[in-house]
Protein chains: 2
Amino acid sequence: MFSDIDPRSPTPLYEQIAARIRVAVASGELAPGDALPSVRALARELRVNPATVVQAYRDLAIDGFVEMRHGQGTFIQEVPAFMRDEERTAQAQKLVRKLLQDAARLGLSAEDIERAFQAEAGVEIRE
Amino acid sequence: MFSDIDPRSPTPLYEQIAARIRVAVASGELAPGDALPSVRALARELRVNPATVVQAYRDLAIDGFVEMRHGQGTFIQEVPAFMRDEERTAQAQKLVRKLLQDAARLGLSAEDIERAFQAEAGVEIRE
DNA sequence: ATCAGTGTATGGGTTAACTAATACACTAAT
DNA sequence: ATTAGTGTATTAGTTAACCCATACACTGAT
């Protein structure tokens with residue numbers, strides 16, 4: 001599950017770990033209620049400091065993907081807890097607003113962005 | 001021209017400066033042969049250290065957008081038309097990639113983003 | 001109560017990015 | 001030669017990110 005974690009990568013370890021778990025949740029590989037490896041167990045497996053795993057888990061907890069229960073473990077959250085439609089819409093809008101703002105600052109048109117979006121979205125992998 | 005440079009932005013000052021000029025060149029807002037503000041002049045205008053402007057100008061010089069002439073100034077280079085398009089595309093793609101990355105981080109799909117984009121820009125995305 | 005498991009909190013070391021400060025060197029006009 | 005403009009080079013301070021080390025606190029089974 002965590003075989004591709006690479007300490008030499010420019011992207012931080014904790015981010016790699018979190019990203020891997022996000023994907024696992026999104027793809028259903030991890031179901032709500034499932035327990036993640038304990039902080040120490042995963043740290044040992046990856047030959048990494050426990051605090052690094054904590055940082056990954058905490059990020060996931062902040063975003064609502066998992067819940068950390070003191071003394072018990074870390075568990076995948078129920079989807080409805082963070083996936084309510086209105087919230088998704090609001091968050092998406094926030095991101096897009098920021099994008100358009102940045103684009104405007106650079107003098108890029110909405111059309112430029114649209115093309116880029118098509119190109120990127122086209123690269124997406126279907127399963 | 002440099003009114004949107006923001007010291008509090010997470011993206012570095014020199015990068016903001018360079019990005020703004022890249023697009024200005026790509027869009028023809030700045031023509032080949034045009035002189036950029038001198039390192040000191042721009043630094044003063046932006047209330048920034050000259051070395052910061054230098055870093056921006058140097059990046060542009062490395063990529064062939066400008067030429068720095070010792071004792072004379074910094075000037076816009078001739079950039080082939082196709083390169084200009086590529087540059088605009090590259091900048092747009094950079095922004096969109098970041099957007100999609102943030103979206104994935106929150107568990108948002110490309111579809112969520114597409115909807116938000118349509119709502120904001122009134123532009124249709126086709127696949 | 002104890003123990004072995006879990007997450008939590010705090011502080012420190014290392015490194016890299018960013019920005020600044022200062023002195024240097026070239027150019028062109030006088 | 002001087003001067004006022006230009007870019008260049010080197011060094012250093014500041015900040016933030018990243019990862020680690022260590023001690024703390026909770027939970028559930030014994």
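Since this is a predicted model, take the numbers as computed values, not measurements. In what follows, every chain begins at residue 1, and chains take the letters A, B, ... in the order their sequences are listed.
- In this structure, A:T74 does not reach the C:dT6 phosphate: none of its side-chain N or O atoms is under 4.0 Å from OP1 or OP2.
- The list of side-chain hydrogen bond (donor to acceptor under 3.5 Å, both in side chains) pairs with a residue in residues 90-100 of chain B, not counting sequence neighbours, reads A:E120-B:R97, B:E87-B:Q91, B:K98-B:D102.
- Checked against side-chain hydrogen bond (donor to acceptor under 3.5 Å, both in side chains), A:T89 has no partners two or more places apart in sequence or in another chain.
- Base engagement by A:R40 is indicated by at least one non-hydrogen atom pair under 4.0 Å involving a base atom.
- Mapping A:T11 and A:G71 onto DNA chain D by nearest heavy atom places A:T11 closer to the 5' end of the strand.
- Nearer the 5' end of DNA chain D, as judged by each residue's closest nucleotide, is the contact made by A:P50, out of A:Q72 and A:P50.
- Contacts between residues 55-63 of chain B and DNA chain D, defined by a heavy-atom separation under 4.0 Å, are absent.
- Within the 4.0 angstrom heavy-atom criterion, base atoms lie near A:V54.
- A salt bridge (charged side-chain N to carboxylate O under 4.0 Å, His left out) check over residues 25-48 of chain B, counting only residues at least two apart or in different chains, returns the pairs B:R20-B:E29.
- As rounded to whole Å, 5 Å separates atom P of C:dA20 from atom CG of B:N49.
- Remark: C1' of C:dA25 and CE of B:M68 are 14 Å apart, rounded to the nearest angstrom.
- Put simply, OH on B:Y14 is 7 Å from C1' on C:dA17, counting in whole angstrom units.
- Of all nucleotides in DNA chain D having an atom under 4.0 Å from a heavy atom of chain B, the first and last in 5' to 3' order are D:dG5 to D:dT8.
- The separation between B:I17 atom CD1 and C:dT19 atom C1' is 11 Å, rounded to whole Å.
- Using a 4.0 Å cut-off, no side-chain N or O of B:T52 falls inside it from OP1 or OP2 of C:dT19.
- Summarising the geometry, the separation between CG on B:L46 and C1' on C:dT19 is reported as 13 Å, rounded to the nearest angstrom.
- Taken over five-pair windows at either terminus, the axes of the helix from C:dA1-D:dT30 to C:dT30-D:dA1 are inclined to one another by 10° (rounded to 10 degrees).
- Considering every non-hydrogen atom in both A:V53 and A:L42, the closest pair reads CG1-CD2, 3.9 Å.
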